[in-house]
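Below is one structure, written out as structure tokens; the observations come after it.
Note that the coordinates shown come from a computational prediction; the quantities given were computed from them, not determined experimentally. Residue numbers begin at 1 in each chain, while the letters A, B, ... track the order of the sequences.
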Protein chains: 2
Amino acid sequence: MKTTRNTAAKTAVLEVFEKSKTALSHTEIHKQLNDLCDRVTIYRILDRLINEDIIHKISNLDGTVKYAKCNHSHQRVHIHNHAHFSCENCHEITCLESVKPSYIMPHNYKVNEINFTLSGLCPKCLNSNI
Amino acid sequence: MKTTRNTAAKTAVLEVFEKSKTALSHTEIHKQLNDLCDRVTIYRILDRLINEDIIHKISNLDGTVKYAKCNHSHQRVHIHNHAHFSCENCHEITCLESVKPSYIMPHNYKVNEINFTLSGLCPKCLNSNI
DNA sequence: TATCAATTGCAACATTGTTGCGTTTAATTT
DNA sequence: AAATTAAACGCAACAATGTTGCAATTGATA
Ligand SMILES: [Mn+2]
Ligand SMILES: [Mn+2]
Ligand SMILES: [Zn+2]
Ligand SMILES: [Zn+2]
């Protein structure tokens with residue numbers, strides 16, 4: 001199998017994730033890295049981090065894509081079954097690790113992954129907007 | 001307020017939706033219309049149909065965006081609270097009108113919209129793949 | 001230190017969606 | 001039926017996002 005390496009760029013991307021309380025887009029990461037590496041490199045690092053189950057991808061209703069660090073306690077099988085919240089006002093996306101939807105599927109479907117994103121107003125914007 | 005008009009292109013787009021059992025991407029619609037109108041026009045028609053609550057937008061985990069016809073029985077307030085299924089094999093996206101997630105939100109969030117997309121194998125692909 | 005596959009930078013490309021503007025057209029009024 | 005007029009359109013140009021090929025660099029290992 002392919003081995004994975006620790007590079008300066010990968011370390012820097014991980015540090016950006018550590019410092020952030022919300023999910024980040026490719027562009028936001030690129031700006032924070034301030035030309036430490038090429039934007040293509042960031043796409044490739046994100047791909048690797050997803051394969052290594054270190055981050056997960058969040059696809060929003062408006063088409064934007066963000067990434068967030070996984071904070072799971074080393075489960076053997078790791079499933080991203082938590083919800084994400086996307087604020088329509090400040091556009092911040094946060095993991096709601098405690099919110100896990102329950103649902104009943106029809107027969108004959110095999111579910112591998114779920115994507116549950118809620119949009120509206122986050123607590124910060126809800127308070128300041130009245 | 002702005003009034004809305006019935007045009008040849010809009011009618012054609014609606015016919016495409018009527019004929020389809022699955023959700024459609026902008027590109028798929030454009031191909032089916034076979035240069036009846038410009039691709040920009042299709043984007044604008046889709047925007048209008050969403051505002052008129054005739055179709056809804058489905059944003060998938062892999063970044064693709066599709067649209068599907070709403071089949072609701074003229075509720076006063078119309079909320080898209082059903083799930084969508086995205087097949088990893090045939091890439092068809094279908095509305096699962098009967099699947100509605102239940103969940104408990106933390107306080108201080110105002111939820112306006114939800115996006116619940118499941119991916120995996122659809123019944124068709126599940127059966128043909130063993 | 002030598003090796004070598006993983007990683008990177010760069011250029012080029014593809015896809016998707018948006019905007020401005022002059023022209024056409026659907027629906028309403030005269 | 002003709003005039004009116006704002007909605008809708010086509011076209012060109014642009015922006016954002018993501019992908020690919022390839023030569024050069026570099027991290028990990030021997
Ligand atoms: Mn996780
Ligand atoms: Mn609907
Ligand atoms: Zn907010
Ligand atoms: Zn399928």
Fill in the blank from the handout: To the nearest 10 degrees, the angle between the two end axes of the helix from C/dT1-D/dA30 to C/dT30-D/dA1 (five pairs per end) comes to 30°

Practice task
Go through the structure and list residues passing ring pair (Phe, Tyr, Trp, His ring centres under 6.0 Å) with A/His30, not counting sequence neighbours.
Solution key: none

Problem - Those residues that, when tested against B/Ser119, pass side-chain contact (heavy atoms from CB on, under 4.5 Å) (two or more places apart) - result: A/Glu113, B/Leu61, B/Ser86, B/Glu88

Completion exercise
Within residues 16-25 of chain B, the residues having a heavy atom closer than 4.0 Å to DNA chain C are none

Practice task
Let me know the distance between NZ of B/Lys10 and P of D/dA7, rounded to the nearest Å.
Solution key: 13 Å

Handout entry: Set of residues satisfying salt bridge (Lys or Arg N to Asp or Glu O under 4.0 Å) with respect to A/Glu92, sequence neighbours excluded
Key = A/Lys124

Fill in the blank from the handout: Among the nucleotides C/dT16, C/dG17, D/dC9, whichever has the atom closest to the side chain of B/His26 is C/dG17

Handout entry: Residues that B/Tyr109 engages under ring pair (Phe, Tyr, Trp, His ring centres under 6.0 Å), provided they are two or more places apart
Key = A/Phe85

Problem - Contact under 4.0 Å: B/Thr3 side-chain N or O vs D/dA6 OP1/OP2 - result: no

Exercise for the section: Could you state the atom-to-atom distance from CD1 of A/Ile29 to C1' of D/dA16 in whole Å? Expected result: 16 Å

Handout entry: Nucleotide C/dT23, atom P - distance to CG of B/Asp38 in whole Å
Key = 17 Å

Practice task
Measure the shortest side-chain to side-chain distance between A/Arg48 and A/Ile45 over non-hydrogen atoms and say whether it is less than 4.5 angstrom.
Solution key: yes

Practice task
With sequence neighbours excluded, give me every salt bridge (charged side-chain N to carboxylate O under 4.0 Å, His left out) pair touching residues 25-44 of chain B.
Solution key: B/Glu28-B/Lys66

Exercise for the section: Quick one, give me the B/S/- string for nucleotides 19-30 of chain D, reading 5' to 3', where B means a protein heavy atom under 4.0 Å from the base and S means that only happens at the primed atoms, P, OP1 or OP2. Expected result: BBB----BBS--

Practice task
Return the set of residues passing salt bridge (Lys or Arg N to Asp or Glu O under 4.0 Å) with B/Lys10 (not counting sequence neighbours), or none when no residue passes.
Solution key: B/Glu52

Practice task
Please state how far atom CG in A/Asp62 lies from atom P in C/dT16, giving the value in whole angstrom units.
Solution key: 17 Å

Exercise for the section: Specify the residue among B/Gly63 and A/Ile45 whose closest nucleotide of DNA chain C lies further upstream toward the 5′ end. Expected result: A/Ile45

Practice task
Using ring pair (Phe, Tyr, Trp, His ring centres under 6.0 Å) as the criterion, list what pairs up with B/Tyr103, not counting sequence neighbours.
Solution key: A/Phe116

Problem - Any side-chain heavy-atom pair of B/Met105 and A/Val99 under 4.5 Å - result: yes

Practice task
Quick one: label A/Leu36 by what it contacts on the DNA or RNA (base, sugar-phosphate, nothing), any heavy atom closer than 4.0 Å.
Solution key: sugar-phosphate

Fill in the blank from the handout: Taken to the nearest whole Å, CG/B/Leu46 to C1'/D/dA8 is 14 Å

Problem - ILVMFWY clustering at 4.5 Å (side-chain atoms), partners of B/Ile104 - result: none

Exercise for the section: Starting at atom CD1 of B/Ile42, determine the distance to atom P of D/dA8, rounded to an integer number of angstrom. Expected result: 16 Å

Handout entry: Atom pair distance, as rounded to whole Å: NZ in A/Lys66 and C1' in D/dG18
Key = 17 Å

Exercise for the section: Evaluate the side-chain proximity of A/Cys37 to A/Ile42: yes if any heavy-atom separation is below 4.5 Å, no if none is. Expected result: yes

Practice task
Please write out which residues are connected to A/Ile93 in a hydrophobic cluster, directly or through intermediates, given that two of Ile, Leu, Val, Met, Phe, Trp, Tyr count as joined at side-chain heavy-atom separations below 4.5 angstrom.
Solution key: A/Ile58

Practice task
Would you kindly give the CZ-to-P distance between B/Arg48 and D/dA6, to the nearest whole Å?
Solution key: 17 Å

